[in-house]
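Each residue takes its place number in the sequence, starting with 1.
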Amino acid sequence: MTDDDVVIEELRARYAAGALSLEEFERRVERVVEDGPEAVDPSIGDGDSDTADRDPVAILRERYARGEIGDDEYRRRLDVLGEDVPDRASEPS
């Protein structure tokens, strides 16, 4: 895993946790891609610092299961993270 990948994964986790808006997430990922990982501090945001080593999809599923986000937000964020959006029959309940 490259340094770029590490920073982008942290940004994905922060986006899943709700610490970054879609616009901020996309802006930071673009800076990493264009200028390298040192161009962005992935820890800046309003979220927990414990997201660093967590799977972004797992974070999102937990938020959905706790009722922090609704169905539409869950699906939108999954889509942004590049994950397949599950069928209604296979969604977490």
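Taking CZ of R61 as the start and CD1 of I69 as the end, the distance is 11.5 Å to the nearest 0.5 Å. Annotation: the span from R28 atom CZ to R14 atom CZ amounts to 8.5 Å, rounded to 0.5 Å. Considering CZ of F25 and CD of E30, their distance stands at 12.0 Å, rounded to 0.5 Å. Annotation: the span from L22 atom CG to R76 atom CZ amounts to 5.5 Å, rounded to 0.5 Å. The structure places CG of L60 at 8.0 Å from CD of E73, a figure rounded to the nearest 0.5 Å. The distance from atom CD1 of I59 to atom CZ of R77, rounded to the nearest 0.5 Å, is 11.0 Å.
Between E23 and R27 there is no salt bridge, since no side-chain nitrogen of the basic residue lies less than 4.0 Å from a carboxylate oxygen of the acidic one. Between R54 and E10 there is no salt bridge, since no side-chain nitrogen of the basic residue lies less than 4.0 Å from a carboxylate oxygen of the acidic one.
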query = Please walk me through it: do R75 and D71 pass salt bridge (Lys or Arg N to Asp or Glu O under 4.0 Å)?
reply = CA-CA 6 Å; R75 290 171 172 281; D71 191 51; 3.4 Å; yes
request  = For the pair D4 and V33, evaluate side chain to side chain contact (heavy atoms under 4.5 Å, CB included) and give the outcome as yes or no after the intermediate values.
outcome  = CA-CA 7 Å; D4 286 8; V33 170; 5.9 Å; no
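Scanning both residues, P56 and A16, for their nearest heavy atoms gives O-CB, 3.1 Å.
Proximity of R12 to E83: side-chain heavy atoms (C-beta onward) are separated by under 4.5 Å at one or more points.
Few gaps surround CG on D5; more than 12 heavy atoms of other groups in view lie less than 6.0 Å from it.
Cation-pi contact between R63 and Y74: absent, since separation from the ring centre below 6.0 Å together with deviation from the ring axis within 45° is not met.
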